Amino acid sequence: MNHCKFAVSFLAAVLGACAQLETTEPATPTATVVHSSTLDTEPELEAPEILAPNDIWHRLGGKFTLPREIERSKVQEYIRYFSSNGDYMTRVTQRSQRYIFHITEHLERAGLPLELTLLPIIESAFDPFAHSHANASGLWQFIPVTGRSFGLQQNWWYDGRRDIEASTRAATEYFRYLSTRFDHDWLLVLAAYNAGEGRVRRAIARNRKQGLGTSFWDLQLPRETRSYVPKLLALAEVVARREHYQTPLHEVANTPYYQAVDVGSQIDLAQAAELAEIKIEELYLLNPAYNRWATDPNGQHQLLLPVTKHEKFVAGLSKLPIDQRVSWQRYNIVRGDSLSTIAQRYKISVQAIREANKLPSNTIRAGQNLLIPSASKPAAQYAYAIDQRIKSRRTPTTGKKHTYTVRPGDTLWDIARDLNVQVQQLARWNNMATNDTLRSGKQLVAYTSSNNNNSQHTSNATSRKLTYRVRGGDSLYRIARKFSLTINDILRWNKISTQRYLQPGQQLTLFVDNAYRG
């Protein structure tokens, strides 16, 4: 999403853009960058015991209300795309199973078009951990300032932009606001959600001044936005008429997948998973807002649990005293200690230590005892905690580690080329975006192997194969830069040479880092 640069008058704050973000996994007519931290193998879904006669897709398809304008060439293009990518549609609809019934309920209660239920397919591919280089996060891809403006708290323990319930309520509120601003013209609402309210308003004013039409189809908007709206209309068409298009969608019951429990206190997530008798990965996928190994000590204390596990969890929780829901370590302060050094030692924030010990400031004295909240299990078992997700993005399983000190004038592109690695890999290893400015003296890490696996790009855990269709104006350099590849790789994979010109419509095979959603 690009909630970019919209101004919410009643909040008196400038709400900037969320990110140019496209999340369909196979090659699409447009491709932009999003990082995703979801593990390669997700736990099995907790399916409700009794399935409703009609699944969620029948429910949605019968209640779509927006005109789909399938006569328009851009809509037809995306209809062909989605209906011909059955594997992807199966995967993304399976991933939606935990969330889509509840999103549908939120939108229906708010009286909003149910086509919006499909928007997370475009925004995040229903990956609750998806994030962009513009720091957008969650199913609905809110950036920090936008999230806070709609009540999504963000701190060391918790990020409400990834909270399934809270972020959906925020998105619903945002849609309602935009609807009033654009006289319930939902194509303009969608355009504003993607490009920003201000940009759409300026485009309307420009056309009106020139005596031109002011519908979405008449406006000069960014290319991403011109694709964004037809993409949703095409998705709605394919979902509503899946039998006609013979598009396989994963069967999702038209019943609740999860149920909320107010725990009433901070709790170790590994302990919560044991009480519910589910895998901790499943608990994180339902509660992706929790950044660490436990819930926020100051709240949120709500956990979402599979409906089949709700009673079991509540029964176990009632027998667990509050003071046993989190493990603690006692630390005796010695001369020379500071809260920051202690926090670094225990991999916790200074604020968390202060809150746990009710300290009014950062001042501490030797001989004083501190209680340090700590995880009950090894760090690796909290696979979706933010530290572990960053670590999995940054550290490959093989390869020799190199440390590089940035010099004046260096760019990631130059350093990646010199180290014979992909720029996207280099950025991921160092938790950066490819367009970040480098500071002289900063140390970067890179991993290389003697057989140059970093540039071979076979289909593996860190790369995937896609087909890219050449557009007018494309060049090998432009395509390589867009996907953080080398020209030589593209030439080798497609058995072409620089002597041959690329032709619009020509298809190229690319092996792209999994951080891309193309």
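All values below come from the heavy atoms of this structure, side chains included, with hydrogens, waters and symmetry mates left out. Values in this document were obtained by computation on a predicted structure and should not be read as measured data. Index from 1, following the sequence.
- Using a 30° and 60° split on the angle between ring planes, Y177 and Y174 fall in the parallel class, below 30°.
- Legend: residues meeting ring-ring contact (aromatic ring centres under 6.0 Å, His included) with Y258, ordered by chain and number and at least two apart, are H102.
- Looking at residues two or more places apart in sequence or on another chain, you find a salt bridge (charged side-chain N to carboxylate O under 4.0 Å, His left out) between R72 and E69.
- By the side-chain hydrogen bond (donor to acceptor under 3.5 Å, both in side chains) test, H184 pairs with S179, sequence neighbours left out.
- Counted by atom type alone, S124 and W140 present zero donor-acceptor pairs between their side chains at under 3.5 Å.
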Please determine whether ring pair (Phe, Tyr, Trp, His ring centres under 6.0 Å) holds for the pair Y158 and Y290, giving the CA-CA distance in whole Å, both sets of side-chain angles, and the decisive distance to 0.1 Å. CA-CA 5 Å; Y158 170 85; Y290 294 119; 5.8 Å; yes

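- Contact annotation: the side chain of Q506 never approaches that of R469 to less than 4.5 Å [non-hydrogen atoms, C-beta and beyond].
- Counting only heavy atoms from C-beta outward, the side chains of L119 and F175 approach each other to under 4.5 Å.
- H106 meets the ring-ring contact (aromatic ring centres under 6.0 Å, His included) test with no other residue; sequence neighbours excluded.
- Checked against side-chain contact (heavy atoms from CB on, under 4.5 Å), A260 has the following partners two or more places apart in sequence or in another chain: Q302, L304.
- With hydrogens and angles disregarded, no donor-acceptor distance shorter than 3.5 Å links the side chain of Q259 to the backbone of H310.
- Side-chain contact of H250 with Q97: a donor-acceptor pair under 3.5 Å is present, judged by distance alone.
- Among residues two or more places apart in sequence or in another chain, the side-chain contact (heavy atoms from CB on, under 4.5 Å) test is passed with L212 by N207, Q210.
- Within the 3.5 Å criterion, the main-chain N or O of L305 finds no donor-acceptor partner in the side chain of E282.
- Remark: side-chain polar atoms of Q154 are paired, donor with acceptor, to backbone N or O of P144 under 3.5 angstrom.
- Applying the salt bridge (charged side-chain N to carboxylate O under 4.0 Å, His left out) rule to D159 yields the partners R161, R162; only residues at least two apart in sequence or on another chain are considered.
- In summary, R59 and E108 engage in a salt bridge, as defined by a charged side-chain N under 4.0 Å from a carboxylate O.
- At a cut-off of 3.5 Å, with distance as the only test, a side-chain donor of E123 or Y228 sits close to an acceptor on the other residue.
- Contact annotation: the side chain of L178 never approaches that of L190 to less than 4.5 Å [non-hydrogen atoms, C-beta and beyond].
- Evaluation of the salt bridge (charged side-chain N to carboxylate O under 4.0 Å, His left out) rule for R242 yields D55 as partners, not counting sequence neighbours.
- Defined by atom type and a distance below 3.5 Å, a donor-acceptor pair is present between the side-chain atoms of D218 and S215.
- Partners of A273 according to the side-chain contact (heavy atoms from CB on, under 4.5 Å) rule, which considers only residues two or more places apart in sequence or in another chain, are I278, I280, L283.
- In terms of modelled atom types and a separation under 3.5 Å, the side chain of R201 and the main chain of R181 share a donor-acceptor contact.
- Between the side chain of T225 and the main chain of L221, no donor-acceptor pair closer than 3.5 Å is present.
- Taking E115 as the reference, nothing meets the salt bridge (charged side-chain N to carboxylate O under 4.0 Å, His left out) condition, with sequence neighbours excluded.
- Of the possible polar contacts, none joining the R148 side chain to the Q153 backbone as a donor-acceptor pair under 3.5 Å is found.
- Residues passing the side-chain hydrogen bond (donor to acceptor under 3.5 Å, both in side chains) test with D185: none are found, sequence neighbours excluded.
- Under the 3.5 Å distance criterion, the side-chain polar atoms of N287 are left unmatched by any main-chain donor or acceptor of D163.
- Qualifying ring-ring contact (aromatic ring centres under 6.0 Å, His included) partners for Y99, counting only residues two or more places apart in sequence or in other chains: none.
- Here the side chains of L508 and V470 are in contact, with some heavy-atom distance below 4.5 Å.
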